[in-house]
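As a basis for the values below, the full set of heavy atoms in this structure was taken, side chains included, without hydrogen atoms, waters or symmetry mates. The chains referred to below are lettered A, B, ... by the order of the sequence lines, with proteins before strands, and numbering in each begins at 1. Computed from a predicted structure; not experimentally measured.
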Amino acid sequence: MDDEYVEAVLSLVERIPAGRVMAYGTVAEVVGESLARGGPRLVGAVMASYGGAVPWWRVVTASGRLPPGHEVAALRELVAEGCPLSPDGTRVDVRRAAWRPRPTHDR
DNA sequence: ACCTTGACCTTGG
DNA sequence: CCCAAGGCCAAGG
């Protein structure tokens with residue numbers, strides 16, 4: 001696991017505003033624009049090992065499902081932030097909550 | 001070096 | 001809407 005990649009992922013996750021979310025795949029996509037792309041699974045691996053220090057609950061699956069094994073804790077945080085949820089309240093309404101960083105217009 | 005695993009994604013049934 | 005199958009890429013045994 002490359003430290004640089006880990007840092008890129010974590011710093012990006014930190015930028016996700018409260019009440020909004022990003023899918024693993026989207027994170028992989030954005031990070032991949034500047035670094036070697038790993039794919040959604042690698043992002044998941046990073047979050048599993050190093051995600052504790054950042055708002056990990058704002059990263060969900062593409063279908064709005066919460067991280068396996070952490071649904072309860074994640075849901076608590078998301079509700080507290082007023083994140084849009086699906087009718088049954090067990091998943092995130094990705095269509096409304098999806099967030100993307102503004103394009104970096106450097107140089 | 002080979003095989004299995006994983007906080008994934010998309011498609012088809 | 002849920003489930004299974006394939007594709008994906010790196011880490012760990």
Side-chain angles (χ1 to χ4, degrees):
Chain A
M1 188 75 66
D2 186 31
D3 282 345
E4 200 178 1
Y5 188 80
V6 173
E7 276 310 310
V9 170
L10 295 182
S11 58
L12 175 56
V13 172
E14 279 179 329
R15 292 174 50 197
I16 305 174
R20 309 295 300 283
V21 299
M22 254 181 109
Y24 293 94
T26 312
V27 174
E29 209 177 291
V30 173
V31 172
E33 287 171 3
S34 49
L35 291 176
R37 54 196 236 60
R41 311 206 66 142
L42 189 47
V43 173
V46 171
M47 292 308 288
S49 306
Y50 309 88
V54 298
W56 54 266
W57 56 88
R58 295 181 192 150
V59 182
V60 302
T61 73
S63 56
R65 198 164 273 135
L66 308 174
H70 301 258
E71 296 88 348
V72 219
L75 197 54
R76 184 176 61 249
E77 298 293 340
L78 291 170
V79 168
E81 298 180 353
C83 180
L85 303 175
S86 57
D88 55 345
T90 66
R91 316 189 330 188
V92 170
D93 185 340
V94 179
R95 276 240 289 254
R96 286 195 298 159
W99 178 82
R100 257 189 178 258
R102 329 176 144 247
T104 62
H105 47 54
D106 46 75
R107 304 173 48 316

Discussion item. With a 4.5 Å cut-off on side-chain heavy atoms, are A:Val13 and A:Ile16 touching?
Written reply: yes

Discussion item. Do A:Leu85 and A:Val92 have side chains that approach each other closer than 4.5 Å (heavy atoms only, starting at C-beta)?
Written reply: yes

Discussion item. Side chain to side chain contact (heavy atoms under 4.5 Å, CB included) for A:Val27 and A:Met47? Distances and angles first, verdict last.
Written reply: CA-CA 11 Å; A:Val27 174; A:Met47 292 308 288; over 6 Å; no

Nucleotide [N], atom [atom2] - distance to [atom1] of [X] in whole Å:
X	N	atom1	atom2	value
A:Leu42	B:dC8	CG	P	12 Å
A:Asp3	C:dA10	CG	C1'	15 Å
A:Arg65	B:dT10	CZ	P	13 Å
A:Arg41	C:dG12	CZ	P	15 Å
A:Tyr50	C:dA11	OH	C1'	10 Å
A:Arg91	B:dC9	CZ	C1'	14 Å
A:Tyr5	C:dA10	OH	P	9 Å
A:Met47	B:dA7	CE	P	12 Å

Under 4.0 Å between any heavy atoms, over every strand shown, what does [X] touch: base, sugar-phosphate, or nothing? Just pick one.
X	result
A:Gly25	sugar-phosphate
A:Ala62	sugar-phosphate
A:Gly39	nothing

Worksheet item: Who does B:dT4 pair with, Watson-Crick or G-U, both distances under 3.5 Å?
Response: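 Looking at the geometry, B:dT4 pairs with C:dA11.
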
Item to complete: With a 3.5 angstrom cut-off on both distances, give the Watson-Crick or G-U wobble partner of C:dC3, or none if there isn't one.
Response: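 Across any shown strand, C:dC3 pairs with B:dG12.
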
Worksheet item: Under 6.0 Å from the CZ atom of A:Arg91, do we count more than 12 heavy atoms belonging to anything else shown?
Response: yes

Worksheet entry | Among B:dC9, C:dA11, B:dA7, the one nearest A:Pro68 by side-chain distance |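 Out of B:dC9, C:dA11, B:dA7, the nucleotide with an atom closest to A:Pro68's side chain is B:dA7.
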
Worksheet item: Nearest to the side chain of A:Ala23 - C:dA11, B:dC9, B:dA7?
Response: B:dC9

Worksheet item: What's the shortest heavy-atom distance between A:Gly25 and A:Pro40, and which atoms?
Response: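 A:Gly25 and A:Pro40 have their closest heavy atoms at CA-CG, 3.9 Å.
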
